[in-house]
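Below is one structure; the comments refer to it alone.
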Amino acid sequence: MDELRLNSCSYIMLVWAMFRQYVPYQFRDYFTKYGYEFYTSFYPYIESPSKNTPPTSSRNERNIVLSMDDHEEVSDEFQGVKLRWSSNKKVNKSSSLSLYPGRDDKRYYKLTFHKSRRDLITSSYLNHVMEEGKAIGERNRQRKLYTNNPSQNWYGYKKSDPTPATFQTLALDPGKKKEIMDDLVAFSKSKDYYKKIGKAWKRGYLLYGPPGTGKSSMIAAMANFLDYDIYDLELTAVKDNIELRKLLIETSSKSVVVIEDIDCSLDLTGQRRKKKKEEKEKKEGEGDVAAAIKEEKEKGQDKESKVTLSGLLNFIDGLWSACGGERLIVFTTNHVEQLDPALIRRGRMDKHIEMSYLQLQRSHLLFDTIHGVLDETEITPADVAENLMPKSLEENCEDCLEALIRAILVAKEEARVKAEEELAAATREEPPTTRIEDKAVESTQLEISDTVGGENKDGTS
Ligand SMILES: Nc1ncnc2c1ncn2[C@@H]1O[C@H](COP(=O)(O)OP(=O)(O)OP(=O)(O)O)[C@@H](O)[C@H]1O
Ligand SMILES: [Mg+2]
């Protein structure tokens, strides 16, 4: 038996070697194609990875993409109609002489269906395939975070992965969170609406609130929720309005263009006010003040040659903003009151979202303690996130919550001492010196033992 097997293998090897030696490359393809069809008619399995087209997936892709091998066939069904796709290649005549035959062959897919269903296939099936292909491409594209870095002759974008914050990880009033998510979904599905009213398919969001309240986290959550790229635009790195327009044109659709801390990105907000102030001072004849402002203006002349308020307004809703679609423009600021009203009016910043100090939801035995100490203490989600983060593997939920209570008490004591200092400064008395940490830790022990060790304050255990 072994001898027979050995002989048949050697015969096959001999035939294969003669085939590759004497059959010209162009004809080989016919033999392979019909040989393949003959083979698959007996062997119903599909092998993967196939020889020429291994499965592909990029770092961030969620699914593995299988592609077809040469001469492979795949059947499909659309509205009850059976179709067959086969992968083929057009052999390039010159490639038979080259060292690497086959490298310049043209590969294509052939679709086979019954001619009576021609209309259905050409009118709806092919569109369906294109839409599906686009949707898969969108789902599998690797989203990126771009920033504008000034370089020698043009502003390029550096790419890296978007940050992981999501609406699930964002501590925010549930009603407010739902309102924002619904607004985003409505925007992403309103391509036809914007087309009908003749408006650019874009929407502006202004996120404002104290430092550490989650503005940047909200941007990442919005981009992750809609699967958008993020273009983090550093205005101070932009040479002038022309450059700004160029950067906008280079942004792709399905993206969020972000300008963080807009109030201090550039002195945009003061420009109008400064001009008004100059005119007012001039009218009132206070020559020296006007001269001083004029001199300051000359000194900072190069600053005004950068992006101007009108350049930014055009950036947001001028003609340029209509090129490309499905884009969010997000500004963040800690000082919304300092922004020029024209910059944040509806139509530019359509939705204003205030990110504020944390209101804690009822969640844990220590809640009452935290709620009690939280009165009049302003604490940002950033502070809470930092203190709730376990500092070692041994720390558990209780340890983190106690660390949070300590931090809140320290913040409260700091606020009390600061208020006393301000009061003393106002009435010229020396404030009592108190070591904040000792006082806070002492009252923490008191608070926690009341709640956790013994009974709750209200007598429940
Ligand atoms: N609402 C929140 N929910 C969850 N984590 C938050 C929230 N707000 C802040 N954080 C945490 O605090 C850190 C700082 O938050 P973030 O950078 O979003 O604040 P910010 O409002 O942008 O601050 P700044 O105004 O200084 O830029 C983040 O790493 C995040 O983990
Ligand atoms: Mg921020």
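In each ligand, atom 1 is the first atom listed, and ligand 1 is the first ligand listed. Computed over heavy atoms, backbone and side chain alike; hydrogens, waters and symmetry mates excluded. We number each residue from 1, following the sequence as shown.
The single protein non-hydrogen atom nearest to atom 31 (O) of ligand 1 is A385 CB, 4.3 Å, given as residue, atom name and distance. Closest protein heavy atom to atom 23 (O) of ligand 1: G212 N, 2.9 Å. The nearest protein atom to atom 2 (C) of ligand 1, hydrogens excluded, is given as P381 CB, 3.5 Å; this is a heavy-atom distance. Looking only at heavy atoms of the protein, atom 27 (O) of ligand 1 is closest to S216 OG, 4.0 Å. Protein heavy atom at the shortest distance from atom 13 (C) of ligand 1 is A382 CB, 3.9 Å. Protein heavy atom closest to atom 25 (O) of ligand 1, with residue, atom name and distance, is K215 NZ, 2.8 Å.
Proximity to N334 (heavy-atom distance under 4.0 Å) selects the following atoms of ligand 1: 25 (O). For ligand 1, the atoms lying closer than 4.0 Å to a non-hydrogen atom of S217 are 15 (O), 16 (P), 18 (O), 28 (C), 30 (C). For ligand 1, the atoms sitting less than 4.0 Å from at least one non-hydrogen atom of L170 are 2 (C), 3 (N), numbered in the order shown with element in parentheses. Atoms of ligand 1 found under 4.0 Å from any heavy atom of A171, numbered from 1 in the order shown, are 1 (N), 2 (C), 3 (N), 4 (C).
For ligand 1, the polar-atom distance check finds no N/O of G209 at less than 3.5 Å from any of the ligand's N/O atoms. Taking only nitrogen or oxygen atoms, main chain and side chain alike, G214 reaches within less than 3.5 Å of ligand 1. For ligand 1, none of its N or O atoms has an N or O atom of E260 under 3.5 Å away.
Within the 4.0 Å heavy-atom shell around ligand 1 one finds T169.
Atom 20 (P) of ligand 1 is approached by the protein to below 4.0 angstrom, counting heavy atoms only.
If you take CG on L172 and CE on M355, they are separated by 5.0 Å, rounding to the nearest 0.5 Å.
Checking S217 against the Mg ion (ligand 2), every N/O/S atom stays at or beyond the 2.8 Å cut-off.
If you check the side chains of N127 and S124, you find no donor sitting under 3.5 Å from an acceptor. Under 3.5 Å, the side chains of D263 and T333 contain a donor-acceptor pair of N or O atoms. No hydrogens or angles considered: nothing links the side chains of E234 and T147 as a donor-acceptor pair under 3.5 Å. Side chains of S356 and E354: a donor-acceptor N/O pair is absent below 3.5 angstrom, by distance only. Between the side chains of E73 and S86, not a single donor N or O lies within less than 3.5 Å of an accepting N or O. Inspection of the N241 and T308 side chains reveals an N or O donor paired with an N or O acceptor under 3.5 Å. Under the 3.5 Å distance criterion, with hydrogens and angles disregarded, a donor-acceptor pair is assigned to the side chains of D76 and Y125. E326 and Y228 share a donor-acceptor pair across their side chains, judged by distance under 3.5 Å alone.
The side-chain heavy atoms of T251 and R327, taken from C-beta on, include a pair separated by under 4.5 Å.
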